[in-house]
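I have placed the structure first, in the form of structure tokens, so that the comments after it can refer back to it.
The model shown is predicted, which means the values in this text are computed figures rather than measured ones. In what follows, chains are A, B, ... by sequence order, proteins preceding strands, each numbered from 1.
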There are 2 protein chains.
Amino acid sequence: MTILPTDLSSVDIPDATVARLPVYLRTLAAFADRKISTCSSLELAEAAGVNPAKLRKDLSHLGSYGVRGVGYEVEYLRYQIAQAIGQTQNRNVLIAGVGHLGQALAGYRGFTTRGFTVAGLVDADSARIGTVVEGLTVHDIADINDVVDAQSISIAVITTPAEAAQRVVDGLVTAGVTSILNFAPTLLSVPEHVDVRKVDMSIELQILAYHQQRRTKVVDA
Amino acid sequence: MTILPTDLSSVDIPDATVARLPVYLRTLAAFADRKISTCSSLELAEAAGVNPAKLRKDLSHLGSYGVRGVGYEVEYLRYQIAQAIGQTQNRNVLIAGVGHLGQALAGYRGFTTRGFTVAGLVDADSARIGTVVEGLTVHDIADINDVVDAQSISIAVITTPAEAAQRVVDGLVTAGVTSILNFAPTLLSVPEHVDVRKVDMSIELQILAYHQQRRTKVVDA
DNA sequence: CCTTGTGAAGCTGTTCACAGCC
DNA sequence: GGCTGTGAACAGCTTCACAAGG
């Protein structure tokens with residue numbers, strides 16, 4: 001397969017843009033629900049909470065899907081963005097750690113509508129292994145390899161305690177998983193080709209606390 | 001109160017740095033647990049997963065707390081960072097929405113060690129109101145004003161369904177809350193002086209999916 | 001001699017402002 | 001006329017490389 005210079009699907013979209021495309025997609029879905037068939041960059045940007053120039057520049061990385069003087073066709077743009085971020089195919093997700101957080105994610109409806117299927121649950125606690133959560137049997141984390149294979153897992157979510165996370169990730173990497181979303185508050189070491197993203201609840205609170213402290217300090221001055 | 005130009009507590013720390021300071025703090029805590037009393041920028045940076053030059057520049061925004069040729073004293077640096085991000089005082093947190101996610105956060109031990117106390121739980125579901133979760137009684141979301149006042153809430157976490165989020169936030173803003181962590185997948189509109197941070201699980205998965213798709217595309221080429 | 005602290009360079013992302021086009 | 005697409009200016013962050021200093 002040869003990629004032509006004009007093939008936009010091969011150029012890499014800036015990270016900041018990639019992070020916003022799902023927001024636009026969600027906003028467009030809301031427009032479609034409200035039977036809005038066309039919108040301007042201003043309308044879409046306001047509903048998505050971004051600057052209109054930024055929205056247009058973001059979209060320009062995918063191609064030229066608007067009409068000057070008119071705006072964007074909602075369904076068409078929706079399709080193009082979905083295409084660009086690869087939301088056209090379903091992906092099976094494994095959740096490692098079936099505590100409250102794992103269960104919250106297992107039952108989250110928002111995943112399904114974005115092309116993700118929670119297809120595997122594993123845990124280390126023998127009291128949880130074998131139980132059924134959200135229609136799925138919880139498997140032993142020791143069998144992680146089998147679960148990844150059997151369910152063709154492409155993304156894993158770590159919701160184990162921090163101490164267990166690295167061990168679980170090592171198992172996932174061995175099993176061939178290359179995309180990991182980490183909720184455990186610890187640094188994971190993985191090979192070059194594995195992509196890890198981190199969500200850290202306390203850090204978010206700490207950032208809010210810093211800004212709050214700063215606001216009150218400024219008032220003092 | 002007058003702030004002198006030399007008072008570093010008044011200069012604003014770059015956002016990117018603020019987001020990493022909690023990571024350094026956590027890394028230093030791990031060092032302290034292992035009885036390490038001194039460390040170089042290289043050691044700390046590696047354990048925290050950042051470039052050493054970035055670490056040093058980050059720390060330089062707080063002041064000059066290292067010793068050339070030697071490194072940093074773990075406990076001293078820990079104290080200085082905690083001071084800078086305002087982790088010296090406790091903050092009471094309210095969780096709005098006591099589903100699985102809300103319960104996961106209510107029971108999360110990591111908050112306590114970082115100076116956050118979950119001091120209030122509210123929900124709209126009458127089946128949940130009055131029940132006790134993690135030692136706290138769940139209150140009616142309609143009484144949010146009273147809960148915020150009685151518990152001196154300074155930060156609120158939204159773990160309600162997306163449809164309810166804006167209504168809840170309006171109530172919180174009226175009650176005087178100025179820092180909000182939003183887990184609901186929706187854009188919140190708040191007055192200027194209110195600080196909102198957003199955590200969106202599906203967007204994280206969508207970003208991972210994009211990179212995964214891209215990796216396989218490149219292999220094709 | 002060793003490691004910090006920091007100017008300077010380079011890179012990424014944002015915003016402006018307008019040319020291009022329907 | 002009006003809105004998109006984009007070069008150019010700008011702002012912020014990262015990294016380098018080295019002077020400063022224990």
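Of the residues in residues 14-52 of chain B, Ser40(B), Ser41(B) come within less than 4.0 Å of DNA chain C through at least one heavy atom, sorted by number.
Rounded to an integer number of Å, the gap from Asp58(A) CG to dG13(C) C1' is 10 Å. Put simply, CG on Leu55(A) is 14 Å from C1' on dT15(C), counting in whole angstrom units. When the P atom of dC22(C) is taken as reference, atom OH of Tyr65(A) falls 17 Å away, rounded to whole Å. The distance between atom CD of Glu73(A) and atom P of dT4(D), rounded to the nearest whole Å, is 14 Å. Across the protein-nucleic acid pair, His61(B) atom NE2 and dG12(D) atom P stand 12 Å apart, rounded to whole Å.
Screening Leu172(A), Val157(A), Ile155(A) against Ser179(A) for a side-chain contact (heavy atoms from CB on, under 4.5 Å) leaves a single residue, Ile155(A).
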List the steps and the verdict of side-chain contact (heavy atoms from CB on, under 4.5 Å) for Val122(B) and Val168(B).
CA-CA 10 Å; Val122(B) 298; Val168(B) 173; 5.8 Å; no
Listing, residues 181-196 of chain B side-chain donor-acceptor contacts under 3.5 Å, not counting sequence neighbours, or none:
| unit_1 | atom_1 | unit_2 | atom_2 | d |
| --- | --- | --- | --- | --- |
| Asn182(B) | OD1 | Ala184(B) | N | 2.8 |
| Asn182(B) | ND2 | Ala184(B) | O | 3.1 |
| Asn182(B) | ND2 | Thr186(B) | O | 3.2 |

Listed pairs under 3.5 Å, donor-acceptor, residues 83-101 of chain A side chains, sequence neighbours left out:
| unit_1 | atom_1 | unit_2 | atom_2 | d |
| --- | --- | --- | --- | --- |
| Gln83(A) | OE1 | Tyr79(A) | OH | 3.2 |
| Asn90(A) | OD1 | Thr117(A) | OG1 | 2.8 |
| Asn90(A) | ND2 | Asn92(A) | OD1 | 3.1 |
| Asn90(A) | ND2 | Thr117(A) | OG1 | 3.2 |
| Arg91(A) | NH1 | Gln212(B) | OE1 | 2.8 |
| Asn92(A) | ND2 | Gln151(A) | O | 2.8 |

Side-chain donor-acceptor pairs under 3.5 Å in residues 203-211 of chain A, sequence neighbours left out?
| unit_1 | atom_1 | unit_2 | atom_2 | d |
| --- | --- | --- | --- | --- |
| Glu204(A) | OE1 | Arg197(B) | NE | 2.5 |
| Glu204(A) | OE1 | Arg197(B) | NH2 | 3.0 |
| Tyr210(A) | OH | Ile13(B) | N | 3.2 |

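Residues satisfying the ring pair (Phe, Tyr, Trp, His ring centres under 6.0 Å) criterion with Phe31(B), sequence neighbours excluded, are absent altogether.
Put simply, the side chain of Arg20(A) never gets that close to the backbone of Val50(A): no donor and acceptor are under 3.5 Å apart.
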Please tabulate, one pair per line, each protein N/O and nucleotide N/O from nucleotides 17-20 of chain D that are separated by under 3.5 Å, including the distance.
| unit_1 | atom_1 | unit_2 | atom_2 | d |
| --- | --- | --- | --- | --- |
| dA20(D) | N3 | Arg68(B) | NH1 | 2.7 |

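For Lys57(B) and Lys57(A), each mapped to the nucleotide of DNA chain C holding its nearest heavy atom, the one lying further toward the 5' end belongs to Lys57(B).
For Lys54(B) and dT15(D), the shortest distance from a side-chain N or O to OP1 or OP2 is below 4.0 Å. The phosphate of dG5(D) (OP1 or OP2) has a side-chain N or O of Tyr72(A) nearer than 4.0 angstrom.
With rounding to the nearest 0.5 Å, the separation of CD in Glu75(B) from OG in Ser37(B) is 9.5 Å.
Counting heavy atoms from C-beta outward, Tyr72(A) and Arg78(A) have side chains that stay 4.5 Å or more apart.
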